[in-house]
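Right, one structure below, let's go through it.
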Amino acid sequence: MKLDRNFFLRPTLKVAQELLGKLIIRKYKNKLLIGKIVETEAYIGPKDKASHAYAKREQPKKEKLKIIHQNWHRIEKYVENKEKFIKRILKLKNAKVTKRNLAEYLKGGHIYIYLVYGNYYQLNITTYKEGYPECVLIRSLEPITTDNIIPNGPGKLCQYLKLDSSFWGYDLVDGDKIWLENGESYNSSDIIKTTRIGIDYAEEDAFLPWRFYIKNNKWVSKK
DNA sequence: GTACAGATTGAG
DNA sequence: TCAATCTGTACT
């Protein structure tokens with residue numbers, strides 16, 4: 001059964017753990033590409049120095065508004081209430097808005113995807129309410145359908161699912177190119193909670209145990 | 001306009 | 001251990 005909006009609207013740490021075992025279904029050239037989520041990381045906006053939405057230096061409201069308006073056409077169809085959306089963003093402390101991270105502010109159940117190191121896309125799913133920049137990075141999948149690419153890392157998983165920047169903002173609840181379905185459920189005792197990867201710059205937040213993976217699963221990425 | 005680092009990966 | 005590769009971000 002397809003996951004509905006309410007699943008994604010809940011607190012980010014809860015969604016990050018409950019995404020383990022869920023299936024990602026991608027319709028590509030009349031075929032279905034399927035993977036089971038086995039590893040995730042939570043990024044909680046302005047409270048989290050590792051997040052793209054964390055502002056090291058305070059960003060003036062004027063600058064935030066400029067970026068929102070310049071990029072409005074890219075998110076317009078996904079936003080429920082424009083006034084409320086903007087008001088919430090302006091109210092957040094330590095939050096940064098950029099052309100890239102604007103999709104993080106969409107309500108739970110949307111895709112935030114971006115390129116790192118010039119080569120690799122990273123698939124994130126937004127969580128919580130509209131106007132709050134929180135998301136879950138999907139780090140690895142257990143392949144269900146066969147392919148030459150093994151999706152045991154955030155970059156390789158986007159190659160496996162044939163995802164690129166055209167999916168920026170995409171709605172996983174209403175869309176038919178990619179969506180999530182119920183798979184297996186795991187107990188808390190089957191979930192390993194540890195520190196996130198590749199965020200040494202995040203000072204004390206680098207030690208937060210916000211990476212989750214299924215115990216003893218062979219597809220989890222290595223550190 | 002210019003510099004620089006990054007939520008990675010695979011090869012040596 | 002290290003380079004590839006290029007966009008977003010910050011600063012001149």
Side-chain angles (χ1 to χ4, degrees), chain A residues 12-13 15-17 19-20 24 35 37-68 70-71 74-75 89 94-106 110-128 132-141 143 147-169 192-213 218-223:
Chain A
T12 304
L13 291 174
V15 177
Q17 290 170 81
L19 277 171
L20 296 173
I24 300 188
I37 298 173
V38 299
E39 180 183 357
T40 62
E41 285 179 359
Y43 288 86
I44 308 191
K47 294 179 205 151
D48 177 4
K49 290 184 178 175
S51 167
H52 289 161
Y54 175 77
K56 270 188 283 240
R57 277 175 269 271
E58 199 198 335
Q59 184 183 35
K61 286 190 178 182
K62 200 173 151 189
E63 202 179 305
K64 286 192 175 87
L65 281 170
K66 188 179 162 195
I67 291 169
I68 294 167
Q70 275 176 349
N71 293 282
R74 303 169 71 208
I75 56 169
I89 293 178
N94 299 320
K96 177 175 67 173
V97 182
T98 66
K99 181 184 176 192
R100 179 177 68 168
N101 81 7
L102 191 55
E104 277 197 280
Y105 289 84
L106 297 172
H110 290 265
I111 289 180
Y112 169 44
I113 193 168
Y114 62 91
L115 194 65
V116 273
Y117 300 111
N119 286 325
Y120 301 102
Y121 289 99
Q122 311 272 288
L123 173 64
N124 295 257
I125 298 176
T126 65
T127 51
Y128 204 52
Y132 294 92
E134 309 193 13
C135 64
V136 174
L137 169 66
I138 310 300
R139 283 195 59 91
S140 33
L141 303 177
D147 196 280
N148 292 327
I149 297 150
I150 307 298
N152 61 344
K156 291 160 80 186
L157 155 178
C158 288
Q159 295 175 344
Y160 175 85
L161 294 175
K162 314 283 184 223
L163 298 177
D164 57 31
S165 55
S166 69
F167 284 85
W168 189 93
I192 303 291
K193 304 169 180 69
T194 182
T195 52
R196 296 171 291 177
I197 293 178
I199 52 148
D200 295 343
Y201 59 83
E203 300 170 11
E204 73 273 17
D205 290 346
F207 300 105
L208 293 168
W210 287 358
R211 174 174 174 237
F212 307 100
Y213 63 87
K218 66 178 275 201
W219 306 100
V220 171
S221 70
K222 53 183 163 40
K223 250 192 183 172

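Numbers restart at 1 for each chain; the letters A, B, ... are given by sequence-line order, proteins then strands.
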Do side-chain atoms of [X] reach the backbone of [Y] as a donor and acceptor pair under 3.5 angstrom?
| X | Y | answer |
| --- | --- | --- |
| A/R196 | A/L208 | no |
| A/R74 | A/K99 | yes |
| A/N124 | A/C135 | no |

**Message:** Can you tell me the base-pairing partner of B/dA7? Count Watson-Crick or G-U wobble geometry only, both distances below 3.5 Å, and say none if there is no partner.
**Reply:**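 Across any shown strand, B/dA7 pairs with none.
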Which one, [options], comes nearest to the side chain of [X]?
| X | options | answer |
| --- | --- | --- |
| A/I197 | B/dT8, C/dT5, B/dA7 | B/dT8 |
| A/N119 | B/dA7, C/dA10, C/dT5 | C/dT5 |
| A/P154 | C/dT9, B/dT9, C/dA10 | B/dT9 |
| A/R57 | C/dC11, C/dT9, B/dT8 | C/dC11 |
| A/K156 | B/dA7, C/dC11, B/dG10 | B/dG10 |

Rounding to a whole Å, what distance do you find between [X]:[atom1] and [N]:[atom2]?
| X | N | atom1 | atom2 | value |
| --- | --- | --- | --- | --- |
| A/L157 | B/dT8 | CG | P | 12 Å |
| A/H52 | C/dT9 | NE2 | C1' | 11 Å |
| A/E41 | B/dT8 | CD | C1' | 12 Å |
| A/Q59 | C/dC11 | CD | P | 12 Å |
| A/I125 | B/dA7 | CD1 | P | 19 Å |
| A/Y54 | C/dG8 | OH | P | 23 Å |
| A/Y121 | B/dG6 | OH | C1' | 15 Å |
| A/K56 | B/dA5 | NZ | P | 11 Å |

**Request:** Spell out yes or no: do the side chain of A/Y114 and the base of B/dA7 have one donor N/O and one acceptor N/O closer than 3.5 Å?
**Result:**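 When only heavy-atom distances are counted, A/Y114 does reach the base of B/dA7 through a donor-acceptor pair under 3.5 Å.
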**Asked** Using a cut-off of 4.0 Å on non-hydrogen atoms, how would the nucleic acid contact of A/L115 be classed: base, sugar-phosphate, or nothing?
**Response**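 If one applies the 4.0 Å heavy-atom cut-off, A/L115 turns out to touch the sugar-phosphate alone, with no base involved.
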**Prompt:** So what does A/Q122 touch, heavy atoms closer than 4.0 Å: a base, only the sugar-phosphate, or nothing?
**Reply:**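 A/Q122: backbone/sugar contact only, no base atoms under 4.0 Å.
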**Request:** Any chance you could measure A/I149, atom CD1, to A/K156, atom NZ, to the nearest 0.5 Å?
**Result:**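 Taking CD1 in A/I149 and NZ in A/K156, the distance rounds to 9.0 Å.
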**Request:** Report yes if some heavy atom in the side chain of A/Y128 is under 4.5 Å from a heavy atom in the side chain of A/V15; otherwise report no.
**Result:**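 Sidechains of A/V15 and A/Y128: no contact.
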**Prompt:** Are the ring of A/Y120 and the six-membered base ring of B/dT8 within the stacking cut-offs of under 5.5 Å and under 30°?
**Reply:**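 Check failed, A/Y120 does not stack on base of B/dT8.
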**Asked** Has A/Y43 got its ring stacked on B/dA7, by the test of a centre gap below 5.5 Å and a plane angle below 30°?
**Response**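 Yes; centroid distance and tilt both under limits.
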Does the side chain of [X] get closer than 4.0 angstrom to OP1 or OP2 of [N] through an N or O atom?
| X | N | result |
| --- | --- | --- |
| A/K222 | B/dT9 | no |
| A/R139 | B/dT8 | yes |
| A/Y201 | B/dA7 | yes |
| A/T98 | C/dG8 | no |

**Prompt:** Just wondering, more than 12 heavy atoms not from A/E58 lying within 6.0 Å of its CD?
**Reply:**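 At most 12 heavy atoms, drawn from other residues, nucleotides or ligands, come within 6.0 Å of this atom.
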